[in-house]
Amino acid sequence: MTEKTFRSNIQIAVEKVRVENPLAPSITNTVTQDFVANAQLAIGGSAAMVYLPDEGEAIANFARAVYINLGTMFPFYAETIPRTLRALKNKNTPFVLDPVAIGIGTLRTELLTQMKNFKPTIIRGNPSEIIALAKLWDLNDHEGGKVRGVDSTENVDEAAYSAIRLAKFTGGAVAVSGAKDLITDGEFAIYSSGGSPLFTKITGSGCALGGVMAVYLTVASPIIAAFTGAAIFNRAGSLAAEKSSTPASFKVAFLDELYKVSASDVASSEFQVFPC
Amino acid sequence: MTEKTFRSNIQIAVEKVRVENPLAPSITNTVTQDFVANAQLAIGGSAAMVYLPDEGEAIANFARAVYINLGTMFPFYAETIPRTLRALKNKNTPFVLDPVAIGIGTLRTELLTQMKNFKPTIIRGNPSEIIALAKLWDLNDHEGGKVRGVDSTENVDEAAYSAIRLAKFTGGAVAVSGAKDLITDGEFAIYSSGGSPLFTKITGSGCALGGVMAVYLTVASPIIAAFTGAAIFNRAGSLAAEKSSTPASFKVAFLDELYKVSASDVASSEFQVFPC
Amino acid sequence: MTEKTFRSNIQIAVEKVRVENPLAPSITNTVTQDFVANAQLAIGGSAAMVYLPDEGEAIANFARAVYINLGTMFPFYAETIPRTLRALKNKNTPFVLDPVAIGIGTLRTELLTQMKNFKPTIIRGNPSEIIALAKLWDLNDHEGGKVRGVDSTENVDEAAYSAIRLAKFTGGAVAVSGAKDLITDGEFAIYSSGGSPLFTKITGSGCALGGVMAVYLTVASPIIAAFTGAAIFNRAGSLAAEKSSTPASFKVAFLDELYKVSASDVASSEFQVFPC
């Protein structure tokens with residue numbers, strides 16, 4: 001894909017979502033649902049959150065893409081997640097996995113282990129989560145991947161090897177969020193920059209990004225959807241940081257910019273590509 | 001009721017809530033609880049959310065009105081909702097039903113079916129939800145009522161027949177939210193206008209409206225409570241839209257306006273009445 | 001402790017959190033998680049929320065302080081809370097208890113009764129909750145402590161006796177939130193003033209304060225952590241109230257001020273000390 005085609009595909013993804021208002025339902029943590037849904041709505045998509053096994057199956061059956069984030073676990077997820085994954089596979093519905101808090105609790109670990117067989121279309125996480133997931137799936141013989149709560153103790157470059165291994169394995173895209181974002185399909189590593197350090201001072205910006213990637217996945221390929229999500233976050237984040245230097249007003253400005261930033265502005269955002 | 005009496009009753013409802021600070025507890029979805037509670041507080045009411053069976057009974061027993069919104073389901077709602085409904089009936093406590101996401105999952109369908117026997121005092125939904133509920137309760141032989149996630153695919157006028165049938169059946173009020181809102185008691189259809197298209201770009205404005213109607217139900221009749229909720233949302237939404245044209249800052253401005261809009265301003269808001 | 005030492009300890013607590021970015025994980029209600037997490041992040045801490053029994057044990061084992069708020073109950077808390085409390089005790093991990101909605105439902109009452117044996121390091125509540133908890137633990141032979149939903153029907157002075165009795169029993173600190181805040185270790189009663197009546201018009205300001213106290217508890221003694229939390233809330237609340245007189249924009253301004261208020265400003269905030 002040439003740079004021109006790549007930029008054109010990003011612009012089309014941003015515009016299509018604004019026109020089609022596609023629904024990307026979620027099974028996602030309770031802490032950040034409001035932010036996930038509002039970010040999905042701000043870019044022109046639509047949101048719905050469910051918990052129960054047959055509801056997970058239902059969204060896998062009718063949606064064009066689904067977002068799964070295991071940040072907060074309920075006991076009945078032991079049934080919800082496997083049934084949802086099977087329905088996603090049967091229907092060939094693409095989905096984004098956000099392995100938040102990987103390493104805490106046995107149920108989360110069991111379910112994230114099972115996910116290996118269902119090859120998430122996009123995996124999005126912070127560096128520590130991506131390293132930890134690659135290790136859980138026996139795709140990383142390196143050290144590292146210490147997860148402390150929901151924060152990362154590694155930086156994006158340290159997670160590049162794991163991200164590429166994961167992408168080669170799934171055949172989809174992997175996005176590592178940090179000061180700069182790495183998006184890879186296993187062939188190319190694309191870095192998106194911009195955004196603001198204030199993203200680390202508001203809860204759920206990573207979750208919101210995962211939800212937004214799921215919306216773009218309804219209209220674009222995994223690598224375009226993942227990159228478009230990262231790019232619109234970085235562009236809207238940069239614009240918001242020009243208006244506010246404190247977290248809560250930054251969050252308001254950021255959601256406002258997600259809504260109004262132009263597709264061409266997103267498509268012309270800065271990135272660098274390296275072969276893997 | 002003359003127009004003058006109607007407007008006077010609206011003004012009294014707005015003022016009474018600000019003076020009495022009445023509690024309208026909820027069993028409501030996890031996605032929008034923050035917005036529901038903050039909207040209830042902004043108009044002068046008070047909020048509390050519960051999930052467990054005996055807690056549902058408790059709020060039915062001590063509150064003057066309750067809000068039930070089945071947007072996100074937990075397995076134990078199979079016990080919570082029936083026990084709460086029986087307690088509401090025994091105590092004659094009025095309640096608002098918001099049939100969010102009707103049609104997704106068997107438990108939600110079972111519980112919404114049971115609700116028919118408990119005749120919710122106010123039913124609030126988007127057009128698709130109102131049509132779907134009327135069909136679920138065998139009150140609508142028309143076509144329509146396709147629900148897609150939590151969004152509506154129909155407009156308010158298409159739901160008027162279902163709303164009126166529901167209101168005649170319950171003896172309470174039914175509110176259909178859209179570009180204009182329809183509120184009916186089965187005798188009259190009242191249209192409230194105002195608000196902003198930005199309501200569709202923030203998650204939970206419908207849920208927040210349901211919670212606000214429950215607060216007004218602690219001090220007013222079903223039709224007055226439903227209309228006052230719609231009218232204060234439309235008036236505060238119009239005022240907020242003068243200050244902001246982007247979703248997140250609109251939401252902040254809207255909650256601020258809910259808090260400060262005058263009772264007389266709400267009571268003098270535009271509406272049209274038609275006999276059913 | 002002299003006043004100078006006391007103020008110096010407050011300043012150190014505020015600064016240490018900003019440098020160390022300590023994690024204070026929570027088992028907390030779903031309604032206000034976003035606000036709790038954003039307040040914890042705004043002061044420089046880090047947040048994570050869990051529900052399951054082995055996750056509760058995990059956070060008790062790895063965190064330097066934990067926040068427990070029983071505002072919304074899940075059935076499986078019957079196992080989560082006791083296992084978490086035992087792990088906290090085994091590891092000697094300090095924790096903050098927020099007895100929100102005490103008196104509603106049997107499970108909440110059972111778990112709050114059990115907590116007596118685990119002596120929470122800090123107890124934070126509104127006056128009614130503090131009085132009700134002292135009665136539940138047979139530490140208060142006075143009348144009072146009527147809880148209505150999540151609001152208080154008593155004022156801070158009426159809860160002083162209960163707060164002191166609780167603090168003498170636990171050997172930790174107790175904080176009573178109101179127009180002025182009372183913080184006591186059973187020897188001294190310290191009053192912190194400032195803030196804004198708008199705190200009562202936004203949901204979760206008490207929960208957010210509990211979460212913030214847990215963050216300070218990772219770096220300070222119970223009385224310093226509790227007072228620092230109250231003082232930064234009062235100072236940031238006063239500054240926010242200068243910028244906004246309506247609830248939603250006040251909340252944004254308040255979180256912004258939590259982030260930017262200087263440590264020396266917090267440490268020089270007004271307080272009064274009385275021997276118990």
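Order of the sequence lines fixes the chain letters, A, B, ..., with proteins taken first and strands second; residue numbering starts at 1 for each chain.
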Item to check | Any I59(C) side-chain heavy atom under 4.5 Å of E55(C) side chain | outcome: no
Item to check | Donor-acceptor pair, side chain of S268(B) and main chain of D265(B), under 3.5 angstrom | outcome: yes
Checklist entry - Does V96(B) reach the side chain of V66(B), with side-chain heavy atoms less than 4.5 Å apart? => result no
Item to check | Close side-chain approach of Y216(B) and V14(B), heavy atoms under 4.5 Å | outcome: yes
Next on the checklist: Under 3.5 Å, is there a donor on one side chain and an acceptor on the other for S177(C) and R124(C)?
Outcome noted: yes
Checklist entry - Can you name the residues of residues 33-40 of chain C that have some heavy atom under 4.5 Å away from a heavy atom in chain B? => result none
Checklist entry - Does the side chain of S249(B) pick up a donor-acceptor pair with the side chain of T246(B) at under 3.5 Å? => result yes
Checklist entry - Does one side chain, of S46(C) or N21(C), offer a donor that lies under 3.5 Å from an acceptor on the other? => result no
Checklist entry - Would you say T200(C)'s side chain and P197(C)'s backbone share a donor-acceptor pair under 3.5 angstrom? => result yes
Next on the checklist: Determine whether a donor-acceptor pair (N or O, by modelled atom type, separation under 3.5 Å) exists between the side chain of R108(C) and the backbone of G103(C).
Outcome noted: no
Checklist entry - Going by atom types alone, do Q114(C) and E110(C) pair a side-chain donor with an acceptor below 3.5 Å? => result no
Item to check | Student check: side-chain heavy atoms of I68(C) and D98(C) closer than 4.5 Å | outcome: no
Item to check | Interface residues of residues 73-87 of chain C facing chain B - heavy atom cut-off under 4.5 Å | outcome: M73(C), F74(C), P75(C)
Checklist entry - Got V100(B) and E129(B) here, is their nearest side-chain heavy-atom distance under 4.5 Å? => result yes
Item to check | Test salt bridge (Lys or Arg N to Asp or Glu O under 4.0 Å) applied to R64(B) and E20(B), step by step | outcome: CA-CA 12 Å; R64(B) 288 154 67 186; E20(B) 295 182 15; 2.8 Å; yes
Item to check | Interface residues of residues 230-239 of chain C facing chain B - non-hydrogen atoms under 4.5 Å apart | outcome: none
Next on the checklist: Test your reading of the model: is there a side-chain donor-acceptor pair from T121(B) to the backbone of F95(B), 3.5 Å cut-off?
Outcome noted: yes
Next on the checklist: Is it the case that the side chain of K180(C) and the backbone of S192(C) share a donor-acceptor pair, with hydrogens and angles ignored and the cut-off at 3.5 Å?
Outcome noted: no
Item to check | chain B contact via T32(C) - side chain, backbone, both or neither, heavy atoms under 4.5 Å | outcome: neither
Item to check | Minimum side-chain heavy-atom gap L23(B)-F62(B) below 4.5 Å | outcome: yes
Checklist outcome for this item: All heavy atoms of L182(C) vs all of A160(C), minimum pair found to be CD2-CA, 3.6 Å
Checklist entry - Counting a contact as any heavy-atom pair under 4.5 Å apart, which residues of residues 250-259 of chain C contact chain B? => result K251(C), V252(C)
